[in-house]
There are 2 protein chains.
Amino acid sequence: MTDDAPKLTMPARSAGETIHQWVFRGLRRAIMSGAFPPGQAVTIRGLAEAMEVSAMPVREALRRLVAERALTLLDNRRVRVPQMTPERFEELYAARTALEVEAASRALPLVDAARLEKLRAIDQTINAAILSGDSETVVAQNFLFHLTLYSARRDSVLVPLIESVWLQTGPFMRAALEAFPTAADGYDYHLAALDAIAAGDEAALRQAIAHDIRTGIGHLALSGKLIAVAA
Amino acid sequence: MTDDAPKLTMPARSAGETIHQWVFRGLRRAIMSGAFPPGQAVTIRGLAEAMEVSAMPVREALRRLVAERALTLLDNRRVRVPQMTPERFEELYAARTALEVEAASRALPLVDAARLEKLRAIDQTINAAILSGDSETVVAQNFLFHLTLYSARRDSVLVPLIESVWLQTGPFMRAALEAFPTAADGYDYHLAALDAIAAGDEAALRQAIAHDIRTGIGHLALSGKLIAVAA
DNA sequence: TACAGCGCAATGTGATCACATTGAGCAAGC
DNA sequence: GCTTGCTCAATGTGATCACATTGCGCTGTA
């Protein structure tokens, strides 16, 4: 309750958007970017006041976020940002791998030259951000890289599932990045993925994506180093 | 609007359960069991009246079900049971395969003798139900078989994701079963899975699960026969 | 000083009302 | 006869109020 309603910068409310959608979008983005530390309690009235809306849209947004497992509903009916545990983290990355390898494999035949070029551009942005130490951009652009690849195939099942898993890793990312600003392992698996795409090599692409996910921040977490930060 | 509120048998409301939870549970079960045909429009006031509760708990339950993709939110802000298309069906089964093969693989080392016995019992129930033509039991027990296997490992990520995908196939199942009551392909992949578990053979288990998913009702759908029923 | 009991503030839940939007039916005009 | 525009019912959205529960702090007593 000391800082239940910090700055919490809300996005601009686009035309025709309901307050519920606006609130949901703002909360979701805040959670994904790690604006709320794990374990943080969130209250309907607190958020409603901070966003200057009534309780109603906030209630519905919270329900939705709980359903997506971006937030946790406690037994006392209170809502908080999920805690991260080594087991959960490992599960999240196992799920990510299973889903994203499949999504990449399915998207591969539908990646055209324009999309491949876009992927290359994103990868360069990431590399530049790594060099300049801009961790926030690294995470955001890395997500964009993966999403851009999978979206080559218009998919209404796998992509939402993948986003759901990303969302669950969100609150943890902030803490992870602050502790280990640039945790690159020296090998660019995005580049390997791009080569595999250009060559149309499905097996190589699957392996590149799997490696990319596993080496990103995953291996650090497995060693238990990051968990201590978030707990 | 002709039959916006059919019988809709609600489960008993357990002690300490909020109305929201009760409504959500009832709706979710109804959807999974195919009580609502695909394309069916659902309204807040209609359901509230049918369940004899106010609009509030229904609103929140619908939001939640939309978040879980058990229901679809149209542009006009109305909610309906999702339509099934061949593409979506294929995506659902691809996602199921990716997630469940992984879940089975991870659960394998933790399956003890008691659980294996339980799985055998479920499989026998399924076989009996197939012989007697009880399709409803086949689907329910088949779900239970898979869930019992994956739950050997206490998992808070993969299992909910799998349930989410099952939920999305729900409305379609009723129509599928009515059209093709016992669509067995002659080979019991559950038995193959059980053998693989007993032998501790991970590769064989992965293959058995993948085949089981693919041959269940999946291959029928791919041929387009079932889609016509649901559309 | 430690602990039990009370009481109030905070919070979630549910109901109801007011309003905007959607959509369908109907009527008037071309 | 077809089309356009209007009207009204149906529906979703948002706000507000009342109530139950939770949880914490305060106080009084041993």
[atom1] of [X] versus [atom2] of [N]: gap in Å, rounded?
X     : N      : atom1 : atom2 : result
A:R80 : C:dT11 : CZ    : C1'   : 17 Å
B:E17 : C:dG12 : CD    : C1'   : 16 Å
A:L73 : D:dT21 : CG    : P     : 17 Å
A:D75 : D:dT21 : CG    : C1'   : 14 Å
A:I44 : C:dT11 : CD1   : C1'   : 8 Å
A:E52 : D:dT16 : CD    : P     : 13 Å
B:M56 : D:dG14 : CE    : C1'   : 9 Å
B:E49 : D:dA10 : CD    : P     : 11 Å

* So does B:N76 get a side-chain nitrogen or oxygen closer than 4.0 Å to the phosphate oxygens (OP1/OP2) of C:dG23? -> yes

* **B:R77 side-chain N/O to D:dG14 phosphate OP1/OP2 under 4.0 Å** => no

Is the backbone of [Y] close enough, under 3.5 Å, to the side chain of [X] for a donor and an acceptor to pair up by distance?
X      : Y      : result
B:S151 : B:L147 : yes
A:R13  : A:E17  : yes
A:R96  : A:I213 : no

* Taking atom types as they are modelled, is there a donor-acceptor pair under 3.5 Å from the base of D:dG14 to the side chain of B:R59? -> yes

* **A:R45 (side chain) and C:dG12 (base): donor-acceptor pair under 3.5 Å** => yes

* Asked: Of all the nucleotides listed (C:dG12, C:dT13, D:dT13), which has the minimum atom distance to the side chain of B:T18?
  -> C:dT13

* Could you state the interatomic distance from CD1 (B:I209) to OG1 (B:T97), rounded to the nearest 0.5 Å? -> 10.0 Å

* Taking for each residue the nucleotide of DNA chain D bearing the nearest heavy atom, is the 5' side occupied by A:Q21 or by A:R78? -> A:Q21

